[in-house]
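These notes concern the structure reproduced below.
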Amino acid sequence: MATAPTPACTITGALADELIALETDVMFGLVGEDTLGFVTAASQAGVAYHGARHENIAVGMADGYSWRGGGLGVCTVTRGPGLLNAAMAIRTAARAGRRVLVITGDMATDGDWDWDFKSIDHAPLVAALGAAYFHAPTPDDVVPVFRRAAEAARRGRTVVFAVPVDVLHAPAAAAAVGREPGLPEVRQTAPEPTAEAIAHAVELLGASEKPLILAGRGAQAPEVRPVLEQLALRTGALLGTTLLARELFRGSPYDVGIVGGFSSDPAVPLLAEVDCAVVFGASLNRWTTAGRTLFKDVPVIQVDSDPAALGANMSIEVEICADAGVAAARLLDALSASGVSSKPFHRPETLERLRRPLWAGPDESTEDELDPRAITTTLDQLLPEERTIVLDSGRHLTSAGRFMRFLGPDSFRHTADGGAIGMGLGIALGAKAASPETPAVLFIGDGGMSMTLGDLETAVRNDLPLTIVVMNDRAYGSELVHAVADGLPWDHATLPEIDFAAAAAALGLEAARVRTLEELRTHARNLEGRTTSLLLDCRIRQDLFVRRVSW
Ligand SMILES: Cc1ncc(C[n+]2csc(CCOP(=O)(O)OP(=O)(O)O)c2C)c(N)n1
Ligand SMILES: [Mg+2]
C-alpha cells in the first residue's frame, strides 16, 4: 500500500500551514478531486471544515462568517463547475465588500482543454463578478501568490485564488518557508472640509425648521455617533439611517430608524416634513431615497470621504469631502458660533409619535393565512433581543425589513447585494459559525427556500442551528407585484404549495407548519438558548401586497 506523503511536504500541506498562519479556525467548502487533498490537509492542521451541498451556500457561509465575525471568510470549491456554481455568492460578497478568500483548483499546466471538461477560463469569470483573481502557475508561486491573495482579501476584497491541479498535488516548493512580513495597514485620510462648504451648510441648517441627519455605512465608526447626536441636538434634527446602517442611533430619542423604502409607519409622515437633509457616508441610492421620491425639493448637504460618491445619485446643494466625524465636528463648531437654537421636531409630540409601534396595523390575517407583517412583529417580541437576522430576497423582506428591531447594524443582513434570491441560507449559516452564542434567524420565501433546500441538512450536519421562517405565499411574490403593475396574468409567478416542514423534517430538522399567530407563538416560544434548528413554514396571504413606502 502506498504511503501518503506527509502533508507538510506537499503544496496542499504548505497551503494548510498558510491558513494556520492566518489564524484561520474555520473553512467552508464543497470538495472536488482537485481540492480534496487540500481540505484533508487543512483539517489535519486543525482548521474546522464546514461542507455545504451547493457551492453558493459554501461561499455564502464564508461571507456570513466574515460579516458576523469580522475576520477573513475562507472557502474552497472545485475548479470550473464549482466556481461557476459559486458565482452568485462570489458576486454578492464582492458587492457587499466582504473579506472572502475562495481557494480553488485550475486545469493542469500540461492540461488538455478538450479532455478536462471541468476547465473554464476562470480569470474573465472572476473579473465579471467583481472579485480579484490570483493564479499560482508553478509550485514556487503557490505560497507567495497565496500570501498576496490573502492580504488582498484581508483588506476588504473578495478574492479567488487558483492553483492548477498538477501543481496542487506536487511536493512542496522551497518557497513554503518563512513568512514575509505583512503589509502595514493603509489608513486613508480624507481632506479637511473646506470653510466655504461648512459655511454654506450652516446657512442652510440655520434656515431649516425641520432638518434630518442621515447616516450610512460610511458613518458607522463608533466615535461618529455621539458627534452626530450632538449635531442633532444643536440643530433640532431627526436622526435616521440607511438600510445598511440600521439601528446606528438605537436608543436616541429622535431616531426615526430607516430612511427610505423600509421606513416604519411612524417615520413616514415625519420624513415627509423634513426640509433639509445632512447626509453622512451614504450614497443616497434608490433604496434610501425611495425611488427618488424623498428629498425631491429639499436642500441636501452630503458628506463623504470619497469624492466620487458626492452627488453621484442626485443633485446636492452642498458637497463636503471629508470623514463623517470630522465634518460633523466642524459643523458643530461653526453652528455654536452662529447660535442655531432648537427647532419644532424636538418637541414631546415627536417623541410620542416615535414611540408608536413600527407597524400601525391592522392585522389582515385570515383564518388559515397569515399577514406577513403580523409574523414579523410577533417574532420581534418573542425572539431574544440579541439576535442575528438574515433576510433572503423577495417581497417578503418588506415585512421583516420594515417592522423588526435590531441591536445594531451588525446584527441585520439583507442579502440582495447582488440582486439574487437564494443567498440568505449560506450567509445565515456562516453568521452562526462566527457567532455561535447568538440566535440566528433567517427569513426566506418559498422560492428562495426551494432554490437552497438541500442545504438545510448542512445546518444539521455542521451543528449550525438556525431558526428558519419560510414566508410561504406559493409564489414568486415579487413577480406577482410586477404582474399586477404590468397587467399580466399571474400564471408564471405562482407556484404549487410545498410542505417545507415535511421536507425539512426529512433532512433532519425540527419543523412545523404555521397557519395562525397562535401556532406561531406556540412554536416560537423558547427560542432563547435553542441548540437545534427549527423551520417554521408560515402560510401567508398571496393576495396581500406589503409594499415599500415612497413619498
Ligand atoms: C437568482 C435569482 N433568480 C431569480 C430572481 C428574480 N426574483 C426576484 S424576487 C423573486 C421571487 C422570490 O420568490 P420567493 O423566494 O418566494 O419570495 P417572495 O417574493 O414570494 O416573498 C424572483 C424569482 C432573482 N432576483 N435572483
Ligand atoms: Mg414566495
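Whatever order the structure lists them in is the order used to number ligands and atoms, beginning at 1.
The closest side-chain donor-acceptor pair between Asn313 and Asn285, if any, does not fall under 3.5 angstrom. A donor-acceptor contact under 3.5 angstrom links the side chains of Thr78 and Asp34, judged on distance only. Asp473 and His396 are not linked by any side-chain donor-acceptor pair at a separation below 3.5 angstrom, with hydrogens and angles left out of the test.
Nearest protein neighbour of atom 14 (P) of ligand 1, counting heavy atoms only, is Gly447 N, 3.4 Å. If you check which protein heavy atom lies closest to atom 15 (O) of ligand 1, you get Gly448 N, 2.8 Å. For atom 19 (O) of ligand 1, the closest non-hydrogen atom of the protein is Arg395 N, 2.8 Å. The protein atom (non-hydrogen) at minimum distance from atom 25 (N) of ligand 1 is Gly419 O, 2.8 Å. Counting only heavy atoms of the protein, atom 20 (O) of ligand 1 lies nearest to Gly477 N, 2.7 Å.
As for Asp446, its N/O/S atom nearest the Mg ion (ligand 2) is the one called OD1. Restricting Asp473 to its N, O or S atoms, the one at the least distance from the Mg ion (ligand 2) is OD1.
Ion pairing between a basic and an acidic side chain is recognised when a charged N comes within 4.0 Å of a carboxylate O; Asp371 and Arg541 show no such pairing. Ionic pairing of Arg515 and Asp537 is not present here: no N-O contact between side-chain nitrogen and carboxylate oxygen is shorter than 4.0 angstrom. One finds no salt bridge joining Arg68 and Glu437 here, because no Lys/Arg side-chain nitrogen approaches an Asp/Glu carboxylate oxygen to under 4.0 Å.
Each of the atoms 11 (C), 12 (C), 13 (O), 20 (O), 23 (C) of ligand 1 lies under 4.0 Å from some heavy atom of Tyr476. Under a 4.0 Å criterion applied to the non-hydrogen atoms of Ser478, ligand 1 contributes the atoms 9 (S), 19 (O). Atoms of ligand 1 lying under 4.0 Å from any heavy atom of His396, numbered from 1 in the order shown and given with element: 17 (O), 18 (P), 21 (O). The distance from ligand 1 to the heavy atoms of Glu479 drops below 4.0 Å at these ligand atoms: 6 (C), 7 (N), 8 (C), 9 (S), 10 (C), 11 (C), 22 (C), 23 (C). Atom numbering of ligand 1 starts at 1 in the shown order; those under 4.0 Å from a heavy atom of Asp473 are 20 (O).
Polar contact with ligand 1: present for Ile421 (N/O pair, distance under 3.5 Å). Residue-to-ligand polar distances keep Met451 apart from ligand 1: every N/O pair is separated by 3.5 Å or more. The shortest N or O to N or O distance between Ala420 and ligand 1 is not under 3.5 Å.
A cation-pi contact links Arg548 to Trp287, judged by a cut-off of 6.0 Å to the six-membered ring centre and 45° from its axis. A cation-pi contact, defined as under 6.0 Å to the ring centre and within 45° of the axis, links Arg395 to Phe545.
Using a distance-only test at 3.5 Å, with no hydrogens or angles considered, a donor-acceptor pair links the side chain of Asp392 to the main chain of Gly422.
In summary, no N, O or S atom of Leu495 is located under 2.8 Å from the Mg ion (ligand 2).
For the side-chain contact (heavy atoms from CB on, under 4.5 Å) with Ile389, the qualifying choice from Leu379, Leu383, Leu442 is Leu383, the only one to do so. Checking each of Arg353, Arg356, Arg402, Arg373 against Asp265 for a salt bridge (charged side-chain N to carboxylate O under 4.0 Å, His left out) leaves exactly one that passes, namely Arg402.
At a 4.0 Å heavy-atom cut-off, ligand 1 touches Asp446 through backbone and side chain alike. Contact annotation for Met471 and ligand 1: no heavy atom of the residue comes within less than 4.0 Å of the ligand.
No heavy atom of Gly422 sits closer than 4.0 Å to any atom of ligand 1.
When the shell of 6.0 Å around CZ of Arg539 is examined, it contains more than 12 heavy atoms from other residues, nucleotides or ligands.
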